[in-house]
Amino acid sequence: MENSEVARVFYEIADYLELQGVPFKPKAYRRAAANIEGLDGSIEDFLKKGELNEIPGIGEAIAEKIRELIETGKLEYLDKLRAELPKGLLDLLEIPEVGPKTAMILYKELGIKSVDDLKAAIFDHKLQGIKGFGPKTEEKILQGIRIVESRAGRSLLNDAYQTAAQVLSYLQEKHPGQMMSIAGSLRRMKETIGDIDILVASEEPGKIMDSFVSIKGADEIIAKGDTKSSIRLKNGIQVDIRVVSRESYGAALQYFTGSKEHNVELRKLAISKGMKISEYGLFERKTEKKLTGDDEKEIYRMLDLQFIPPELREARGEMDAAANYRLPELVAYDDLKGDLHCHSEWSDASGTIEDLRDKAEELNYEYVAVTDHSQSLKIAAGLSEERLADQVKNIRTLREQQERPWVFAGSEVDILKDGRLDYPKDVLRELDFAVISVHSRFKMDEKEMTKRIVTAMSNEKAKILAHPTGRIIGQRTSYEFDFEKVAEAAKSNGIAFEINSFPERLDLNDINVRKAIDYGSTIAINSDAHDPSQLEYTRFGIATARRGWARRSDILNALPLDELMKRFGLK
DNA sequence: GCCGTTTTCGGCCCGACTGTTTTCAGTCG
């Protein structure tokens, strides 16, 4: 049973218990679920080795439930909870403004068991008959239902990033000189973003609120208060703003950056040191004396912690590492020396090879690789052997005209179903290197797929495994393969795992990056650009690398050109 | 249900905003 499946069971239990008004247990189950999701290794292995209790948040009771779940495929306790309350009530909890209390009141008072029931009840204005429910509440819940129904999930990092940049520059223009920052999951650069959080330091919060809610593109003002407001933009993205005083800005930035789990750990640490932390500052617990608040870095310092970069604040061991001054020095946003996976108009992209080179130059890269699709990927206008030969010749001529940035003649070669590559050896020999990838037959079983990828890796021109898991965020899950075996093969063949920076891919993801690095693998952060402007997507790949605790030394294309040439056996 | 510089029982983060219950509960982050 997959970790995610086990986690889902415990999230469901937490929801049911919350509906029943059971205190504290929901939090315990959610914590266990979150830790299982982020686990390094399979939960089944932990069970086999009798190491479940080593996972934080898992004690005797939950360990026993995990055992039952994995061994029998079901859980009596969950079945019991399911029998007690209708399943549709869980859907009600997805609606903004509807929490466990409201859901239970709706169920008990009106017999509402599903979102459809709720819609019908609102249509008949039945909610207003309940004590404590007025017309506004009814309207708000209806709005919430519309949002749930319309939103196709969370926004991709790239979309949220663009939107946030626009909102921020609007505010900066209106209020020049004010300190402001992105906070929340966007500052942590998570692969998907629920809503955008913005923090502003100002002694005149009212003015900021007024500007904020009157921004062009606002579709709905969800809330407007003295220091806190929320709007929904026409593109569906919710933006929350919070204004604090200058003296609290650092504490607020820390607080609103999260993650929630990270903050819980930080608060606990503060308590253990006789301090207390809130969005207003770090305080001495007994005297309520404020120790600091204006500078985020100072808060970590006063708690005897190394500064923890936002990308690491996920309660995945960063607190311990920071306490021991063992945080890795993360790869920086300007550490890349080039891009090793880009497409041109020779296959399915726009832009010439010269355009790619010019964009690489603009980014101060030392090199860029042209890696168009291989022949069998007809849908992406994969290059025939003849066209590929032409392209290589073309690139060599270009190099003679202009040496830097250096243009590598590569190819994104399909891994065929039996693990052979999509060009014969003599054709591959003409290339500087090959990026290899799976673009077909995603549904193979794990064993077959593992063998397929491992076989492909033995080709001497193969240097990078592109988008290694094949997942597309919100659309397609990873194909199945044995990560450990592939990582071993990668290491012994000198092949790097790619972080494909395309916003809907970000593959490897943060957790897998960390896993890969633990196996001793090298990571290549590539754009997979299908337009020269998309070379800038590597920002999100770098963010993902940082979230996976990667250092510069883990990154293949942080190497300068001559070292990379040696690595590729070209020098 | 978990956990331990509060320590094996008793606590579990904390504050803003909203609607409406005229004093606060519910939700959210």
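Numbered from 1 within each chain, the chains take letters A, B, ... in sequence-line order. Because the structure is a prediction, the values reported are computed rather than measured.
- Between A/Thr137 and B/dT18 there is no side-chain polar atom (N or O) within less than 4.0 angstrom of OP1 or OP2.
- The separation of B/dT23 from B/dC17, taken at their C1' atoms, amounts to 16 Å, rounded to a whole angstrom.
- Under the Watson-Crick or G-U wobble criterion, with both distances below 3.5 Å, B/dT8 has no partner in any strand shown.
- The 5' end of DNA chain B is approached more closely, in terms of each residue's nearest nucleotide, by A/Ile277 than by the other of A/Ile277 and A/Pro100.
- Ring to ring, A/Tyr537 and A/Phe502 are close: their centroids are under 6.0 angstrom apart.
- Considering only side-chain N and O atoms, A/Lys140 lies nowhere under 4.0 angstrom from the phosphate OP1 or OP2 of B/dT27.
- Taking the centre and axis of the six-membered ring of A/Tyr333, the NZ or CZ atom of A/Arg539 falls inside the cone set by 45° and 6.0 Å.
- Under the 6.0 Å distance and 45° angle rule, A/Lys65 does not count as a cation-pi partner of A/Phe10.
- Under the 3.5 Å distance criterion, with hydrogens and angles disregarded, no donor-acceptor pair is assigned to the side chains of A/Gln254 and A/Glu296.
- For A/Tyr280, the side-chain atoms get nearest to B/dA16 when compared with the rest of B/dC2, B/dA16, B/dT20.
- When each of A/Ile55 and A/Glu97 is assigned the nucleotide of DNA chain B bearing its nearest heavy atom, the one mapping closer to the 5' terminus is A/Ile55.
- For the pair A/Ser230 and B/dC28, the criterion of a side-chain N or O lying under 4.0 Å from OP1 or OP2 is not met.
- Straight-line distance between the P atoms of B/dT6 and B/dC13: roughly 15 Å, to the nearest whole Å.
- When the side-chain nitrogen and oxygen atoms of A/Lys25 are compared with OP1 and OP2 of B/dG1, one or more of them lie within a distance under 4.0 Å.
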- Quick tally for nucleotides 8-13 of chain B: nucleotides whose base has a protein heavy atom under 4.0 Å get B, sugar-phosphate-only ones S, the rest -, giving ----BB

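- Under the 30°/60° scheme for interplanar angles, the aromatic rings of A/Tyr161 and A/Phe540 are found to stand perpendicular.
- Here A/Gly99 lies in heavy-atom contact (under 4.0 Å) with sugar-phosphate atoms only.
- Taking the six-membered ring where tryptophan is involved, the planes of A/Tyr300 and A/His262 are tilted, since the angle between them lies from 30° to 60°.
- Geometrically, A/Lys289 does not engage A/Phe283 in a cation-pi contact defined by less than 6.0 Å to the ring centre and at most 45° from the axis.
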